[in-house]
Engineer: 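The structure's right below; bear with me while I get my questions together.
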Amino acid sequence: MTLEQAREKLEKYGQEHLLKYYGELSEEEKGSLLKQIEETDMGILEACKHREELTKKGVITPLASMQLDEIEANRAGFTAVGMEAIRQGRVGAVLLAGGMGTRLGSDDPKGMYNVGITRKLYIFECLINNLMEVVQESGTWIHLFVMTSEKNHQATVSFLKEHEYFGYQEEYVHFFKQDMAAATDYQGKIYLEAKGRLSTSPNGNGGWFTSLKSNGLLELIQEQGIEWLNVFAVDNVLQRIADPCFIGAVIQKKCVVGAKVVRKNAPDEKVGVMCLEDGRPSIVEYYELTEELMNARDENGEPAYNFGVILNYLFHEQELEHMMASSMPLHIVEKKIPYLDENGELKKPQEPNGYKYETLVLDMIHQLDSCLPFEVERNREFAPIKNRTGIDSVESARALLQENGVTL
Ligand code: UTP
């Protein structure tokens with residue numbers, strides 16, 4: 001893109017300020033800024049003017065979850081079906097590790113965080129240990145796809161390599177980068193993070209399948225005959241990955257997606273809950289849950305919206321190929337965005353100062369016809385690390401790891 005073309009594009013979107021320091025840049029920096037301007041989707045920025053409308057929900061009704069007693073009664077049968085799928089190589093795992101983990105406040109990728117106390121135990125290591133249990137039990141290596149972003153790719157790849165993938169077989173680990181999106185102030189003006197660089201942040205975890213595809217990994221999935229993809233977050237150190245019982249239940253119930261859920265610990269707990277939206281499976285975020293829904297009861301007198309998702313989903317791969325990535329709703333999230341101030345100095349704000357633009361994996365559920373919410377015991381499978389202290393923190397996850405017999 002030439003300077004003229006860049007000016008034209010920026011004028012169209014009211015972003016001319018991005019060329020403020022153009023004259024001060026080296027030739028190489030100029031080229032890279034023009035390329036970034038060319039590649040940035042500025043059409044999405046208008047959306048911040050009608051933020052609330054973007055994620056408006058339809059009519060919400062309850063969706064029953066498969067609960068622990070039913071799972072226990074069928075455990076052997078489900079596990080046998082899931083094990084068979086794993087042994088036939090029909091299951092892959094996808095680790096979503098492209099996030100910035102800003103709440104944890106470490107500069108390294110979140111998976112590099114050491115949760116050990118008397119020894120080193122990294123988040124990545126916990127996850128791989130959990131997956132290894134299934135590998136050992138089934139006698140089968142499971143392809144593990146790791147999503148990173150431009151901001152943490154190099155650090156993630158080097159760290160895992162250096163630690164020899166914590167015992168995982170290298171040929172079964174595949175990295176792919178997600179896309180970035182520009183970050184703006186509250187008026188939708190893109191920030192600069194350097195004189196020749198727009199502020200960007202990863203574009204949310206909703207683009208994982210599109211990114212797998214654009215990184216050429218779909219061919220591998222098809223070649224290997226992988227039919228099911230277990231997608232999971234980097235921060236839950238207790239979760240079971242490629243859990244045979246979960247896989248078997250989803251297959252037996254003939255659903256195209258399964259979602260691990262936990263019983264909420266309070267009606268207003270901050271987790272997204274499974275529901276039907278206009279008759280299709282969906283997830284309603286805690287801040288969208290009205291008083292009425294929060295207090296609604298099912299026919300057994302139990303809370304009707306009582307099962308929260310833990311970001312561990314099992315997708316039928318072919319269904320994803322038909323999914324329209326473009327119809328995913330955009331979420332505009334307030335964040336702390338490093339930026340150049342009016343004197344051209346880099347500032348790292350302590351409070352949110354603008355918006356990030358993201359699509360979310362949970363919105364994929366609504367595009368699918370059938371979903372099995374599958375209950376897991378929260379003290380056995382849910383220890384997310386979002387913060388340093390308090391709720392969903394390093395502290396709370398350490399206590400849960402110890403409760404589950406992990407030496408820290
Ligand atoms: P979070 O919602 O916790 O976001 O991500 P985050 O960016 O990691 O953390 P904060 O909000 O800045 O503190 C849930 C999961 O989705 C992944 C994360 O790595 C985590 O596993 N994720 C999130 C991505 O892979 N890409 C993204 O763009 C965002």
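All values derive from a computational prediction rather than experimental measurement. As the structure lists them, so they are numbered: ligands from 1, and atoms in each ligand from 1. Residue numbers run from 1 in the order of the sequence given.
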Engineer: Which bit of Val361 gets closer than 4.0 Å to ligand 1, counting heavy atoms only: side chain, backbone, both or neither?
Structural biologist: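 It is neither part, as no heavy atom is under 4.0 Å.
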
Engineer: So, applying side chain to side chain contact (heavy atoms under 4.5 Å, CB included) with Glu381, which one of Val262, Val376, Asn130, Asn236 is it?
Structural biologist: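 Testing Glu381 for a side chain to side chain contact (heavy atoms under 4.5 Å, CB included) against Val262, Val376, Asn130, Asn236 leaves exactly one candidate, Val376.
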
Engineer: For Gln178, run the side-chain hydrogen bond (donor to acceptor under 3.5 Å, both in side chains) check against Asn203, Asn205, Thr210 and tell me which one passes.
Structural biologist: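 Result: among Asn203, Asn205, Thr210, Asn203 is the only option passing the side-chain hydrogen bond (donor to acceptor under 3.5 Å, both in side chains) with Gln178.
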
Engineer: Do you see a donor-acceptor pair shorter than 3.5 Å between the side chains of Asn312 and Asn230?
Structural biologist: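 Yes, Asn230 and Asn312 have a side-chain donor paired with an acceptor closer than 3.5 Å.
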
Engineer: When you measure from atom 6 (P) of ligand 1 to every protein heavy atom, which one gives the shortest distance, and what is it?
Structural biologist: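 Heavy-atom neighbour on the protein nearest atom 6 (P) of ligand 1: Gly101 N, 3.6 Å.
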
Engineer: Give the numbers and elements of all ligand 1 atoms closer than 4.0 Å to a heavy atom of Asp235.
Structural biologist: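 Those of ligand 1 that fall under 4.0 Å from Asp235 are 3 (O).
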
Engineer: Take Met112 and Ile123 through the side-chain contact (heavy atoms from CB on, under 4.5 Å) test and state the conclusion after the steps.
Structural biologist: CA-CA 6 Å; Met112 284 172 62; Ile123 292 181; over 6 Å; no

Engineer: Any N or O on Met147 sitting closer than 3.5 Å to an N or O of ligand 1?
Structural biologist: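 No, since none of the N or O atoms of Met147 sits under 3.5 Å from an N or O of ligand 1.
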
Engineer: Nearest protein heavy-atom contact for atom 12 (O) of ligand 1: which residue, which atom, what distance?
Structural biologist: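 Nearest neighbour among protein heavy atoms for atom 12 (O) of ligand 1, to 0.1 Å: Thr102 OG1, 2.5 Å.
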
Engineer: What I want to know is whether Val234 and ligand 1 share at least one N or O pair that is separated by under 3.5 angstrom.
Structural biologist: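 N/O-N/O distance under 3.5 Å: yes.
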
Engineer: Name the closest protein heavy atom to atom 4 (O) of ligand 1, giving the residue it belongs to and the distance to 0.1 Å.
Structural biologist: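 The answer is Arg103 NH2, 4.2 Å.
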
Engineer: What do you reckon, does Gly204 have a nitrogen or oxygen under 3.5 Å from a nitrogen or oxygen of ligand 1?
Structural biologist: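 Yes: some nitrogen or oxygen of Gly204 is under 3.5 Å from one in ligand 1.
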
Engineer: Can you report which non-hydrogen protein atom sits closest to atom 25 (O) of ligand 1, along with the distance?
Structural biologist: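 That would be Gly98 N, 2.9 Å.
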
Engineer: Using heavy-atom distances, let me know which of Asp392, Val333, Val94, Asn205 sits nearest atom 16 (O) of ligand 1.
Structural biologist: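 Selected option, by shortest heavy-atom distance: Asn205.
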
Engineer: Lys110 to ligand 1: N or O pair under 3.5 Å?
Structural biologist: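 Between Lys110 and ligand 1 (N or O atoms, distance only) the closest approach is not under 3.5 Å.
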
Engineer: Any idea which atoms of ligand 1 are less than 4.0 Å away from a heavy-atom of Lys386?
Structural biologist: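 That gives atoms 1 (P), 3 (O), 14 (C) of ligand 1.
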
Engineer: As an exercise, identify every atom of ligand 1 less than 4.0 angstrom from a heavy atom of Gln178.
Structural biologist: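 Close to Gln178: 24 (C), 25 (O), 26 (N), 27 (C), 28 (O).
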
Engineer: To the nearest 0.1 Å, how far is atom 23 (C) of ligand 1 from its closest protein heavy atom, and which atom is that?
Structural biologist: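 Result: Gly99 CA, 3.6 Å.
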
Engineer: Using the rule given for salt bridge (Lys or Arg N to Asp or Glu O under 4.0 Å), can you reason through Arg240 versus Glu133, listing the C-alpha separation, both sets of side-chain angles and the distance that settles it, and then say yes or no?
Structural biologist: CA-CA 9 Å; Arg240 315 306 309 161; Glu133 285 181 21; 2.4 Å; yes

Engineer: Output yes when the distance from some N or O of ligand 1 to some N or O of Leu311 is under 3.5 Å, and no in every other case.
Structural biologist: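 No: no nitrogen or oxygen of Leu311 is under 3.5 Å from one in ligand 1.
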
Engineer: Can you confirm whether or not the ring centre of Trp208 sits under 6.0 Å from the ring centre of Phe315?
Structural biologist: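 Between Trp208 and Phe315, the centre distance is under 6.0 Å.
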
Engineer: Less than 3.5 Å apart, any donor N or O on the side chain of His163 or Glu125 sitting next to an acceptor on the other?
Structural biologist: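 The answer is no; no qualifying pair exists.
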
Engineer: So, Phe159 versus Tyr122, ring centres under 6.0 angstrom or not?
Structural biologist: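 Yes, ring centres under 6.0 Å apart.
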
Engineer: Which residue and atom name correspond to the protein heavy atom nearest atom 7 (O) of ligand 1, and how close is it?
Structural biologist: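 The protein heavy atom lying closest is Met100 N, 3.0 Å.
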
Engineer: Closer than 4.0 Å to some heavy atom of Lys335 - which atoms of ligand 1 meet that?
Structural biologist: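 Counting from 1, the qualifying ligand atoms are 10 (P), 11 (O), 12 (O).
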
Engineer: Under 3.5 Å between any N/O of Glu358 and any N/O of ligand 1: does that happen in this structure?
Structural biologist: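 N/O-N/O distance below 3.5 Å does not exist for this pair.
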
Engineer: Give the residue and atom name of whichever protein heavy atom lies nearest to atom 17 (C) of ligand 1, and the separation in Å to one decimal.
Structural biologist: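 I find the closest protein heavy atom is Leu96 O, 3.7 Å.
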
Engineer: Students often mix this up, so state it plainly: with edges at 30° and 60°, are the rings of Tyr191 and Tyr339 parallel, tilted or perpendicular?
Structural biologist: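 Judged by the thresholds at 30° and 60°, the geometry between Tyr191 and Tyr339 is tilted.
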
Engineer: Under 4.0 Å, heavy-atom basis, I'd like to know which part of Ala233 is in contact with ligand 1: side chain, backbone, both or neither.
Structural biologist: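 Both backbone and side chain of Ala233 come within 4.0 Å of ligand 1.
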
Engineer: Quick one: side-chain contact (heavy atoms from CB on, under 4.5 Å) partners of Gln222, sequence neighbours excluded?
Structural biologist: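 Scan of Gln222 (side-chain contact (heavy atoms from CB on, under 4.5 Å), adjacent residues dropped) gives Leu218, Glu321.
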
Engineer: With heavy-atom distances below 4.5 Å as the criterion, would you say the side chains of Leu33 and Leu19 are in contact?
Structural biologist: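 Yes, at least one pair of side-chain atoms sits under 4.5 Å.
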
Engineer: Do the side chains of Glu170 and Glu164 get nearer than 4.5 Å, heavy atoms only?
Structural biologist: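 Glu164 vs Glu170: side chains apart.
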
